[in-house]
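Just below is one structure, and these are the notes that go with it.
Below, read A as the first sequence line, B as the second, and so on, with proteins coming before strands; counting in each chain starts at 1. Below, each value reflects all heavy atoms present in this structure, side chains not excepted, and no hydrogens, waters or symmetry copies.
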Protein chains: 2
Amino acid sequence: MSLTDRAAELDAADPLAAHRDEFLLEAAPAVTSYLDGNSLGRPLKATPAALDAFVRAEWGGRLIQGWTHDAQVGEGGWMDWPTDLGDRIGRVVLGAGPGQTVVADSTTVLFYKLVRAALDHALAEGRDEIVADTDNFPTDRFVLEGVAAERGATLRWIETDPAAGISAAQVAAAVGPRTALATFSHVAYRSGHLADGPAITAAVHDAGALVLWDLSHSAGSVPLALDAWGADLAVGCTYKYLNGGPGAPAFAYLARRHHGLLRQPVQGWMGHADPFAMGQGYRPDPGVRQLISGTPPIVAMVPVRAGVDQLERVGIDAVRAKSTALTSFALEVADELLVPHGVTVATPREPAARGGHVTLRAGDSGRDFRQTTARLWTEGVVPDFRTPDGIRIGLAPLSTSFGEVLDGLLALHRIVENS
Amino acid sequence: MSLTDRAAELDAADPLAAHRDEFLLEAAPAVTSYLDGNSLGRPLKATPAALDAFVRAEWGGRLIQGWTHDAQVGEGGWMDWPTDLGDRIGRVVLGAGPGQTVVADSTTVLFYKLVRAALDHALAEGRDEIVADTDNFPTDRFVLEGVAAERGATLRWIETDPAAGISAAQVAAAVGPRTALATFSHVAYRSGHLADGPAITAAVHDAGALVLWDLSHSAGSVPLALDAWGADLAVGCTYKYLNGGPGAPAFAYLARRHHGLLRQPVQGWMGHADPFAMGQGYRPDPGVRQLISGTPPIVAMVPVRAGVDQLERVGIDAVRAKSTALTSFALEVADELLVPHGVTVATPREPAARGGHVTLRAGDSGRDFRQTTARLWTEGVVPDFRTPDGIRIGLAPLSTSFGEVLDGLLALHRIVENS
């Protein structure tokens with residue numbers, strides 16, 4: 001069977017195919033193959049209408065009363081949005097019971113807050129080491145550098161082979177009685193390697209330390225079960241598979257057993273136990289709201305709500321099934337068309353060991369994949385380039401078709417073939 | 001002349017009256033008198049259309065390419081939005097030359113970053129004291145408490161009489177050779193007292209310290225001249241007089257002479273000198289971008305742009321003229337209708353000594369102004385309550401009419417009269 005027939009067959013049999021029509025595909029007619037939904041998800045058709053309704057009925061219609069009064073639409077006053085939407089993300093995306101997740105800030109700022117909360121607590125117990133791996137996303141590594149320097153902590157780096165990812169055995173070997181916190185990306189941003197959440201969490205706990213998961217490349221793509229893992233802390237973003245739009249706010253998870261014990265350092269009025277008391281002296285909210293600092297980004301949550309709505313209707317297991325089928329098909333095409341030209345696959349072959357994207361490296365193809373990415377963009381094929389020589393194929397299960405994957409890889413093949 | 005005739009005369013002569021029609025007033029038909037535009041500004045009619053266009057043409061149409069490629073509309077790739085919009089706010093609102101202002105995060109988070117940047121730098125020079133006043137906005141005070149505790153700094157509080165506000169003489173008496181940083185609200189959130197920006201800045205500088213201005217209640221209401229004052233740092237919000245919507249991102253100003261010297265602690269990839277290098281080791285952007293941490297809140301900037309557009313067309317001096325007229329009229333009405341019943345005025349009588357809002361205190365009126373505010377809300381009159389006993393009348397010059405002010409105060413008068 002030709003690859004074209006195979007793509008058509010897979011699309012015809014895809015139970016999620018109809019959900020593509022829920023996206024504003026027609027907004028980008030020149031983009032024939034969008035392979036970067038793991039960097040910025042497409043907008044849903046519901047999103048412009050939701051924003052319009054919010055501006056008129058909520059912001060314009062309720063004005064300042066929107067913060068505290070029950071809405072005629074939606075779940076409650078905007079004061080409750082960070083925890084209401086957090087709880088929904090907890091239930092639909094994270095496998096987290098209510099009262100442990102908030103939406104706020106950016107991933108970087110929430111990551112800083114959680115690292116500081118965990119480290120500051122552990123320093124008091126004589127634990128002054130943070131364990132992380134060298135293939136974690138840059139912003140996480142930069143935050144850790146800064147926190148280690150300002151708090152006098154030590155950073156212990158696990159040297160990760162991106163293709164192999166981080167293993168529980170590596171973590172177990174790195175953590176110890178001085179470890180305060182260990183932090184990893186659940187899905188590696190370059191290779192797509194999927195870490196073993198429960199096993200790594202257990203390895204960190206065996207050393208008496210806390211684990212902080214960055215779920216940016218997992219949330220909305222891979223099933224998560226933070227409560228079942230016994231995870232301590234987590235952050236993630238909502239503009240990838242949750243389609244919240246560029247710079248959408250992030251989420252943070254803090255397991256209930258740590259409430260009142262871990263405390264983040266950016267003490268703002270919205271994390272106060274009584275935000276409108278406005279008296280002297282900060283008194284932290286006893287629950288997960290303490291992670292909030294300033295006024296919550298309400299307008300920016302509107303698109304996120306639309307994304308979570310869709311995911312709730314479809315269910316994460318169905319999304320994961322299609323995600324695995326998409327990455328498998330991408331590898332099948334790569335093996336047939338690109339590997340013979342020297343391109344190498346940086347992503348694990350075993351479906352259970354990878355997330356929702358696939359990275360191909362220039363290898364012996366003789367191509368400069370940075371230039372190749374730029375050329376592909378001009379042809380309406382939009383993957384991402386990731387250093388040093390990777391083309392990252394992000395496959396958003398709800399908006400990507402198998403035909404789209406094939407179109408993109410055929411375009412890459414034409415370039416590689418002519419090198 | 002009756003107050004009703006007087007309001008009608010003022011509205012008829014108001015050169016900014018036509019700008020009211022640029023707001024979505026019809027979205028809240030039950031709100032006959034909105035007196036809280038200094039807490040949450042109304043949406044502009046242009047805003048829903050701008051959001052719709054952004055979602056379709058920019059986010060949906062350009063997808064990931066929106067970050068780095070020039071837009072067909074707007075000023076450039078989204079990567080430039082934090083500084084492009086920052087520069088516009090600098091020019092239109094702050095009196096700040098380009099390259100010194102960014103839009104990001106929330107006011108609280110940016111305030112934390114700037115306090116830390118200033119204090120950490122000064123600690124190295126043996127300055128370990130932060131000077132602030134007790135009437136500053138709660139979130140500022142909470143952040144200062146937290147930073148002082150974590151960095152081992154001392155907080156020196158100036159006891160402010162809210163009605164009198166903070167003076168340069170008080171500041172001069174409080175600062176000294178150990179002062180690292182002094183920070184104040186330019187317009188006090190309760191009384192509306194307008195601080196003397198240049199004189200206080202000079203007093204702080206005389207002690208060799210830096211000054212950080214919170215401009216949340218000034219921006220878009222009172223002319224500012226940060227460069228001319230010689231100010232060091234400033235933050236402010238965009239959801240009040242800039243009409244950016246609930247939880248809109250904040251702005252921060254860092255005077256150019258401090259670039260490369262002051263460094264904020266939340267080291268994220270978007271503050272890196274080369275965000276997409278993604279290598280090991282954080283290297284801060286040499287300019288004001290270093291204040292950014294995570295992915296900038298692009299969707300949430302769209303309404304802010306609409307607000308700044310409007311202010312740019314009108315000009316801050318015309319806004320200030322109407323603002324002064326509105327607060328003067330509010331005091332005139334209060335003196336005639338409310339003061340005789342024991343209500344007191346907490347706001348300076350001298351127009352040059354106040355910002356854009358007026359606060360009335362229950363005084364000897366015998367009313368509980370918290371309950372009174374709740375009752376006013378049910379009648380479509382929406383001021384804000386501020387502890388301990390203040391009703392705050394926020395007057396947004398571009399969306400508030402003199403008739404609206406009178407209607408609201410007449411409603412308050414009916415309640416006070418019947419006590």
Do [X] and [Y] have side chains that get closer than 4.5 Å, going by heavy atoms?
{"X": "A/L144", "Y": "B/Y282", "value": "no"}
{"X": "B/W59", "Y": "A/T47", "value": "yes"}
{"X": "B/I64", "Y": "A/W377", "value": "yes"}

Of the backbone (N, CA, C, O) and the side chain (C-beta and beyond), which part of [X] lies under 4.5 Å from a heavy atom of chain B, both, or neither?
{"X": "A/R190", "result": "neither"}
{"X": "A/Y34", "result": "side chain"}
{"X": "A/F54", "result": "side chain"}
{"X": "A/R141", "result": "side chain"}
{"X": "A/V31", "result": "side chain"}
{"X": "A/V382", "result": "side chain"}

message: Minimum heavy-atom separation for B/W67 and A/P246, please, with both atom names.
response: CZ2-CB, 3.6 Å
Using a 4.5 angstrom heavy-atom cutoff, name the option from [options] with the most pairs to chain B.
{"options": "A/L40, A/L63, A/T139, A/T134", "value": "A/L63"}
{"options": "A/Y189, A/F111, A/F137", "value": "A/F137"}
{"options": "A/G244, A/P388, A/G271", "value": "A/G244"}
{"options": "A/P138, A/G60, A/S106", "value": "A/G60"}
{"options": "A/R151, A/K113, A/E26", "value": "A/R151"}
{"options": "A/M301, A/R116, A/M270", "value": "A/R116"}

Tell me which of these, [options], has more heavy-atom pairs under 4.5 Å with chain A than the rest.
{"options": "B/P249, B/P296, B/G281", "result": "B/G281"}
{"options": "B/R283, B/Q267, B/R56", "result": "B/Q267"}
{"options": "B/L110, B/D140, B/V109, B/D384", "result": "B/V109"}
{"options": "B/S39, B/G268, B/A28, B/P43", "result": "B/P43"}
{"options": "B/P297, B/P275, B/A277, B/A300", "result": "B/P297"}
{"options": "B/V266, B/D105, B/V55, B/L25", "result": "B/V266"}

- line: Rounded to the nearest 0.5 Å, the CZ atom of A/F276 sits from the CZ atom of B/F385 at a distance of 12.5 Å
message: Rounded at 0.5 Å granularity, tell me how far OG1 in B/T295 sits from OH in A/Y239.
response: 2.5 Å
message: Is a donor from one side chain sitting under 3.5 angstrom from an acceptor on the other, for B/Y112 and A/S293?
response: no
statement: Honestly, the part of B/R386 sitting under 4.5 Å from a heavy atom of chain A is side chain
message: Over 60° means perpendicular and under 30° means parallel, so tell me whether B/H272 and A/F142 are parallel, tilted or perpendicular.
response: parallel
